[in-house]
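Since the structure comes first, as structure tokens, the remarks are kept for the end.
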Amino acid sequence: MSQHIRIIFATNNAHKVEEIQLAIGNTLGVISLRQAGIDIDIPEPHDTLEANALEKSSTIHRLTGENCFSEDTGLEVTALNGEPGVKSARYAGDHGDTEKNIEKLLQKLAGTTDRRAHFRTVISLIWQGHEHLFEGICEGHILETPVGSHGFGYDPVFVPEGDTRSFAQLSPEEKNRYSHRRKAADQLVSFLQQTQ
Ligand code: IMP
């Protein structure tokens, strides 16, 4: 695949940009919203990851007319019937208040022995005017207390299947080996390779 495909990643989350760039390597020139000179907060008003991802990619496509993609991710906990899911960022109210979100999650799971959970990432790609969806899932479980300082969001309480450390104890390269976001990004790259 040509290394000069330019594609806008519709996010303001610097962690996501870093993780996607690491997952994709130099197979694709990913431009963040900041690098594209776009300064907007795209709403996530829907009740599915898929609809929110499309909201973000189509908003940026309308603005720029360029190929672009977005992603929406949720932590889906088995004992909580899939919560916080699409509400992961605003579980405890304030958008992006990570500490409070983790606190609420641990309170809801207090005394629960079934700690199974997974992260699910949905990527919405708008390529030559058409939408394509890709999904990546990382199974794991929720710890009783947060540990580790890397990563973001729920990383300190999530242990991926196949490891004993939380995502926040892993280096970016190690997280990438297990990550939901990387798995979805792999599919995005394969799709683009097939279209070249
Ligand atoms: P959104 O995709 O920006 O709506 O993100 C939803 C929320 O899920 C974020 O605010 C984070 O708290 C959390 N989240 C998304 N991806 C990850 C991840 O890779 N690790 C930990 N938390 C994440």
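Ligands are counted one by one from 1 in listed order, and the atoms in each one are counted from 1 as well.
- In summary, the atoms of ligand 1 found under 4.0 Å from a heavy atom of E71, numbered by their order in the structure, are 2 (O).
- For atom 19 (O) of ligand 1, the nearest non-hydrogen atom from the set E19, K175, H15 belongs to K175.
- Taking 4.5 Å as the limit, some side-chain heavy atom of I142 sits within range of a side-chain heavy atom of L106.
- Between R182 and E19 there is no salt bridge, since no side-chain nitrogen of the basic residue lies less than 4.0 Å from a carboxylate oxygen of the acidic one.
- Between H180 and ligand 1, at least one N/O pair is under 3.5 Å apart.
- Using a 30° and 60° split on the angle between ring planes, F152 and H15 fall in the parallel class, below 30°.
- Ligand 1 has at least one atom lying under 4.0 Å from a heavy atom of D72.
- Residue D155 has at least one heavy-atom neighbour below 4.0 Å for each of these atoms of ligand 1: 18 (C), 20 (N), 21 (C).
- Between D39 and R34 no salt bridge is recorded (no basic side-chain N to carboxylate O distance below 4.0 Å).
- The distance from ligand 1 to the heavy atoms of F119 drops below 4.0 Å at these ligand atoms: 17 (C), 20 (N), 21 (C), 22 (N), 23 (C).
- Here H150 and F167 keep their ring centres 6.0 angstrom or further from each other.
- Taking all atoms of both residues into account, the shortest heavy-atom contact from N67 to Q128 is OD1-N, 2.8 Å.
- In terms of N/O distances under 3.5 Å, ligand 1 is approached by T73.
- Between S70 and A53, the shortest heavy-atom contact is OG-O, 2.6 Å.
- Inter-residue side-chain proximity for I60 and F9 is flagged as unmet; no heavy-atom pair is nearer than 4.5 Å.
- Within ligand 1, the atoms closer than 4.0 Å to a non-hydrogen atom of A89 are 6 (C), 7 (C), 10 (O), numbered from 1 in the order shown.
- Using 4.0 Å as the threshold, T98 has no heavy atom nearer than that to any atom of ligand 1.
- When the heavy-atom distances from atom 22 (N) of ligand 1 to Y91, F158, Y154 are ranked, the shortest goes to Y154.
- When R182, R90, K16 are checked for heavy-atom proximity to atom 2 (O) of ligand 1, K16 turns out nearest.
- Near E44, the atoms of ligand 1 lying under 4.0 angstrom from a non-hydrogen atom of the residue are 3 (O), 4 (O).
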